[in-house]
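Convention: sequence-line order gives letters A, B, ...; per-chain numbering from 1.
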Amino acid sequence: MAREPKKKEPTKLIALSASNKAFEFRTPLEKKIKYQGKKVDIKLREDPNGFSYIVWKNKKYMLDVIEKNQNHYTIMINGVWHSFTVETPISLKRRRYLEKQGDSSSTVSIEAPMPGKIIDILVEDGDKVKEGEPIIILEAMKMQNEIYSHVSGIVTSIAVKKNDSVMKDDVLIDIQKG
Amino acid sequence: MDVKGKNFTRFLDRQKLYKTQRDAKAIGKQHSKGKLTAWERLDILFDEDSFEEIDAYVTADRTDTGFGKVKQAYGDGVIIGHGMIRGRLAFAYSQDFTVMGGSLGSVHATKIMKIQEMAQKMGAPMIGLIDSGGARIQEGVASLAGYAGIFYRNVQSSGVIPQISVIMGPAAGGAVYSPSITDFVFMTNQTSYMFVTGPNVVKEVLNEDVSLNDLGGAGIHSKKSGVAHMVFEDEENTLMGVRHLLSYLPANNMENPPEMELSEDETKDIEEKLRDIVPDDANKPYDVKDVINLITDKRSFYEISENYAQNVVIGFARLDGKVIGIIANQPKVLAGTLDINSSTKGARFIRFCDAFNVPLLILEDVPGFLPGIDQEHNGIIRHGAKMLYAFADSTVPRITVILRKSYGGAYCVMNSKNLGGDFNFAWPTAEIAVMGPEGAVAILYRKELEASDDPVAMKKELATKYRKEIANPYVADERGFIDEVIDPAGTRLKLIRAYEALENKFMNNPARKHGNIPL
Amino acid sequence: MKIKSILIANRGEIAIRIIRTAKKMGIRTFVIKTAKEPNAWYLDEADEIIDFSECFDDTPEFLDIERIIYQAKQHGVESIHPGYGFLAENPDFARRCEEEKIVFIGPSHDAIYRMGNKTIAKELAKANNVPLLGGSKGSVPDAEEARKIANQVGYPVILKAAAGGGGRGMRVVEREKDVERMFNLATNEAEKAFNNPDVFIEKFVREPRHIEFQILADKHGNVVHLGERECSVQRKHQKLLEESPSPALDNALRKVMGNAAITIAKSVNYYSAGTVEFLLDDQNNFSFMEMNTRIQVEHPVTEMVTGIDLIEQMIRIAEGEKLPFTQKDIKLNGWAIEWRINAEDVQSGFSPSLGTIEKISWPESEHIRVDTGVRDGSVITPYYDSMIAKLIIHADDREKALQLSSIAIRKFWIKGTKTTLAFCRAVLQNRNFRKGKFNTSFISKELKIHYHQEPDEEMLAAFFAVYDYAREVHEIEDKPLYVEKGKEIAPWVLNKRLR
């Protein structure tokens with residue numbers, strides 16, 4: 001006979017911020033969480049207008065999931081957004097390991113964040129680019145979007161030409177970190 | 001275990017030895033590479049404490065080929081067995097990279113074939129967790145024969161039970177063909193690779209440097225080659241993703257997919273937002289996934305091949321708790337045109353749904369086939385025909401809703417009435433014609449336009465007239481090529497009732513061995 | 001003549017703002033519907049909609065002078081209010097309205113033209129002894145001439161596009177040797193942005209305040225000013241908040257600057273509402289910049305402190321009425337601040353954030369006014385500016401206004417898009433801003449981080465991410481599957497499948 005379908009759950013989940021800060025929470029989530037050594041009440045509510053908010057130390061915080069893709073989350077709280085990946089203890093260990101590996105293989109690909117057409121390429125092969133520098137202008141939904149480099153380094157290859165159509169996540173440019 | 005008075009010594013010793021082999025070295029080796037062990041993976045894939053292993057103690061034949069001895073290890077580098085996934089039976093094998101690199105020797109292969117045969121006999125899904133260096137060179141042709149045997153069984157099971165391959169490490173050489181025959185391929189980012197010839201061979205033959213990831217990583221296969229259907233960031237999420245997918249699939253081709261009860265906050269039957277979703281301007285893009293999410297049960301859409309050929313969106317969803325397969329044109333990408341990749345992507349999905357009794361829903365907004373030398377020379381004729389064939393050959397209920405554009409050959413292909421569509425609906429925004437207004441007018445009134453003083457104004461006027469008189473859903477509706485022009489807001493309810501009416505559909509196709517799909 | 005109908009050649013919050021006053025005055029309102037925003041709120045507020053959904057060429061709907069005028073006549077509309085932006089400061093549009101006997105609710109086309117041309121405007125100011133920054137007389141023909149003038153005026157100088165605005169075609173020159181290079185850059189940029197390479201030179205004031213005076217003038221030569229607005233908090237020449245009055249002005253200076261503003265207005269026989277902009281340096285020297293011949297985005301702060309409905313006055317002036325008050329009747333009462341809430345991602349350099357406003361709500365009180373063109377379900381399109389709402393706080397004094405702002409901003413909730421609310425919070429946290437000590441360099445010099453967050457917020461966001469993830473896993477894992485029914489297939493169907 002079929003057994004009761006049950007799944008082993010991890011005992012805790014970790015939200016890892018973009019700046020590598022880890023926030024640990026025991027699962028299943030409880031009404032109190034450990035915070036600076038003390039247990040503090042946390043309440044998650046929804047108001048009649050459909051906003052979600054947390055009550056924390058007698059203050060209300062409005063929250064919204066702006067983006068989520070698998071375990072990647074962007075959460076808006078009081079107008080400021082934060083990016084996290086939600087990890088289990090095992091996947092966190094894996095991430096840490098792969099990050100260490102990643103440092104040695106130093107070529108980073110800049111990918112198209114949305115499907116569209118390449119309007120302009122602002123760098124050439126061999127150019128030095130800085131983090132946050134615009135490298136490509138991509139037209140999507142009738143808007144010209146600047147695509148920024150998220151690393152500093154040297155352009156090692158350009159995979160697209162002007163007027164090319166690209167899909168989301170297509171590699172645009174490779175940059176050798178450094 | 002304390003078993004008094006019986007001669008269980010050997011039984012217990014073996015168990016102890018096996019446990020040592022399983023835990024000590026293997027865990028350290030795999031974990032240090034950010035990977036789980038073959039056992040841990042099965043633990044996550046199956047319901048808690050439900051997996052039963054068989055053939056744990058077989059070992060490789062004692063062979064010494066002159067190229068070194070084959071290591072004798074319990075299980076010969078692969079775990080096979082059965083268990084429950086959300087209370088439903090499933091079979092699986094899981095390759096153990098710590099035993100001779102998970103290489104496939106003849107015993108290893110025999111075990112996989114054994115579990116494949118069982119899965120087919122019992123009519124339950126077969127899941128392969130692949131983490132293998134390839135054929136075991138020391139065993140020579142025996143290991144190649146093993147691969148062939150696995151492929152043969154993959155093909156025999158195809159369309160009988162769902163087969164899923166999960167690539168959790170390397171899959172090189174012949175090893176890639178088993179996954180490619182199976183219905184769905186999952187990969188884990190950064191730690192899994194698939195290629196027929198590795199970077200070393202590429203370097204030798206073509207003198208090109210390419211990294212493992214750039215040659216056959218998860219990114220390449222999910223975006224460029226289309227080999228991988230689903231990609232996840234880590235192994236746990238990958239395996240959870242397999243569990244999720246299985247909740248949409250029947251155990252075999254003689255069952256229907258599992259149903260689910262609706263919760264209270266489900267999608268509204270009348271959704272007014274749908275009336276505004278398609279822009280008035282025919283050239284303005286929108287996201288067809290918004291339409292899908294507003295029609296189907298809340299959060300039930302499970303997209304397949306999300307990042308490959310994005311101009312067609314495919315995936316499973318639930319409608320009133322019942323599973324359907326969706327094929328939708330995506331106006332946001334390449335204006336929703338059909339090209340080679342999107343046709344093959346759509347066609348294979350249609351074949352799967354047809355084989356496993358998943359009714360089809362087609363959401364159509366297609367301006368035509370993607371024009372271009374590149375497309376023609378690479379065989380858009382041949383590949384476009386696949387989608388057409390797959391639709392016409394399928395016997396499951398299929399319903400088309402034309403959201404906006406439906407022009408030319410693409411109209412025919414996208415499950416039109418005369419291709420065997422059971423219900424063909426259109427929204428009032430639909431434009432059904434041989435070609436778009438601007439193109440049609442340019443052909444029909446070429447001379448008049450040339451002679452005109454103000455050809456631009458004349459063209460506009462004619463285009464407006466064309467839209468009014470020809471490119472709308474009402475002409476098709478009045479001739480029966482459309483069953484009904486429907487209010488977008490009420491699409492969900494219409495579909496629920498239409499599928500109810502089609503529940504016991506069967507077709508009297510002529511007897512034949514099999515058709516000849518243009519491959 | 002009493003106006004009985006208005007066509008509002010604009011959209012969003014300003015269309016709704018104008019409709020509000022028109023309703024109060026019993027005037028029928030017409031608005032333009034575009035394919036870009038077919039479900040916008042302003043359409044529901046108007047009495048009648050003129051449909052521009054079918055677009056025949058690339059002229060944007062709100063810039064299509066002839067189409068707007070033709071439709072106004074077709075519908076028998078007596079007057080047009082242009083709002084701000086679009087055609088508001090286009091002298092041709094005002095002229096065409098006059099020619100077609102449609103009342104243009106704004107100044108004369110001549111006043112628009114003369115104030116719109118910066119060279120003419122400066123000459124007028126000079127002729128009327130209004131303080132002005134040294135610089136070129138009109139546009140500069142070449143780099144050599146530019147160098148000569150710059151040497152005369154003294155460095156630093158700024159090169160500005162004659163046709164420009166919004167910071168494009170502007171270059172600051174610190175040294176003589178940079179003149180040529182900067183001149184070329186500025187002309188190129190001006191050519192690209194405005195199809196007109198002309199640039200002029202002006203003395204550059206480092207870190208000035210941006211102060212503007214609201215003017216009301218009737219067709220009978222009466223001109224009053226309604227006090228100033230402090231607009232120094234800007235990013236790339238885009239205002240982000242405005243207040244009235246300014247912490248930098250006392251009554252004496254207000255009087256002098258106000259009179260200068262009135263002089264400027266009189267020099268072009270101005271009527272309707274208008275705004276005269278000044279730069280104010282740290283020694284309280286002011287100089288005339290330009291005049292905006294339209295209603296401004298930030299007009300509500302003036303309305304709050306003076307109690308005068310500016311839109312109503314514009315309509316009455318257009319009808320030919322005399323101003324119902326004189327300068328001495330105008331009192332500035334309390335303090336008002338307007339916070340612009342834009343759909344922008346402050347954390348990624350204020351890049352526009354598209355999407356749908358799923359929910360929007362704000363606290364209501366006598367101190368709070370919200371002017372907005374969006375409501376639940378509104379779509380933010382890439383076609384128009386990113387402003388979604390203006391939060392205006394009015395209180396007895398600046399300190400109270402700031403205090404109320406903090407509370408209101410905290411309770412101003414928007415779901416579905418990124419907004420500048422966190423930026424507003426960051427401004428409010430700044431000590432120099434609270435003290436009133438700031439100028440146009442405030443954001444670049446004072447605000448190191450453009451958004452504010454409280455200490456626990458990141459942790460709470462993390463909690464929410466984990467919560468949502470766990471919820472989804474449960475939903476996928478725990479909802480029961482019904483397989484039994486799937487096995488009951490009618491035998492005759494099964495038979496077919498076995499074929």
Between [X] and chain C, which part of the residue has a heavy atom less than 4.5 Å away: side chain, backbone, both or neither?
{"X": "A:Ile33", "result": "side chain"}
{"X": "A:Trp81", "result": "both"}
{"X": "A:Ile77", "result": "both"}

- Query: When only pairs under 4.5 Å are counted, which of C:Ala470, C:Gly416, C:Ser361 shares the most heavy-atom pairs with chain A?
  - Reply: C:Ser361

- Assert top hit (heavy-atom pairs under 4.5 Å, partner chain A, pool C:Asp468, C:Asp345, C:Ile409) equals C:Asp468

- Query: Top residue by heavy-atom pair count (under 4.5 Å) with chain C, among A:Lys59, A:Gln70, A:Lys21?
  - Reply: A:Lys59

- Message: Quick check for you: among A:Ile42, A:Ile54, A:Asn71, which has the greatest number of heavy-atom pairs under 4.5 Å with chain C?
- Response: A:Ile42

- Looking at CZ of C:Arg471 and CG of A:Leu29, how far apart are the two atoms once the value is rounded to the nearest 0.5 Å? 12.0 Å

- So how far is it from A:Thr74 OG1 to C:Lys418 NZ, rounded to the nearest 0.5 Å? 6.0 Å

- Heavy-atom contacts under 4.5 Å, residues 458-466 of chain C to chain A: C:Glu458, C:Met459, C:Leu460, C:Ala461, C:Ala462, C:Phe463, C:Phe464, C:Ala465, C:Val466

Within a 6.0 Å radius of atom [atom1] on [X], are there more than 12 heavy atoms belonging to other residues, nucleotides or ligands?
{"X": "A:Glu46", "atom1": "CD", "result": "yes"}
{"X": "C:Lys239", "atom1": "NZ", "result": "yes"}
{"X": "A:Arg26", "atom1": "CZ", "result": "no"}
{"X": "C:Ile449", "atom1": "CD1", "result": "no"}
{"X": "C:Glu475", "atom1": "CD", "result": "yes"}
{"X": "A:Lys57", "atom1": "NZ", "result": "yes"}

What part of [X] lies closer than 4.5 angstrom to a heavy atom of chain A: side chain, backbone, both or neither?
{"X": "C:Glu358", "value": "neither"}
{"X": "C:Thr417", "value": "backbone"}
{"X": "C:Tyr451", "value": "side chain"}

- Task: With chain C as the partner chain, list the residues of residues 61-68 of chain A whose heavy atoms fall under 4.5 Å from it, by residue number, and write 'none' if nothing qualifies.
- Result: A:Tyr61, A:Met62, A:Leu63, A:Asp64, A:Val65, A:Ile66, A:Glu67, A:Lys68

- Query: Of C:Glu454, C:Gln453, C:His452, C:Glu457, which meets side chain to side chain donor-acceptor pair (under 3.5 Å) against A:Asn78?
  - Reply: C:Glu457

- Query: Distance-only, no hydrogens or angles: does the C:Arg410 side chain make a donor-acceptor pair with backbone N or O of A:Lys60 under 3.5 Å?
  - Reply: yes

- Message: So does A:Tyr73 get a backbone contact from the side chain of C:Tyr469, meaning a donor-acceptor N/O pair under 3.5 Å?
- Response: no

- For C:Ile360 and A:Phe51 the tightest heavy-atom approach is N-CZ, 3.9 Å

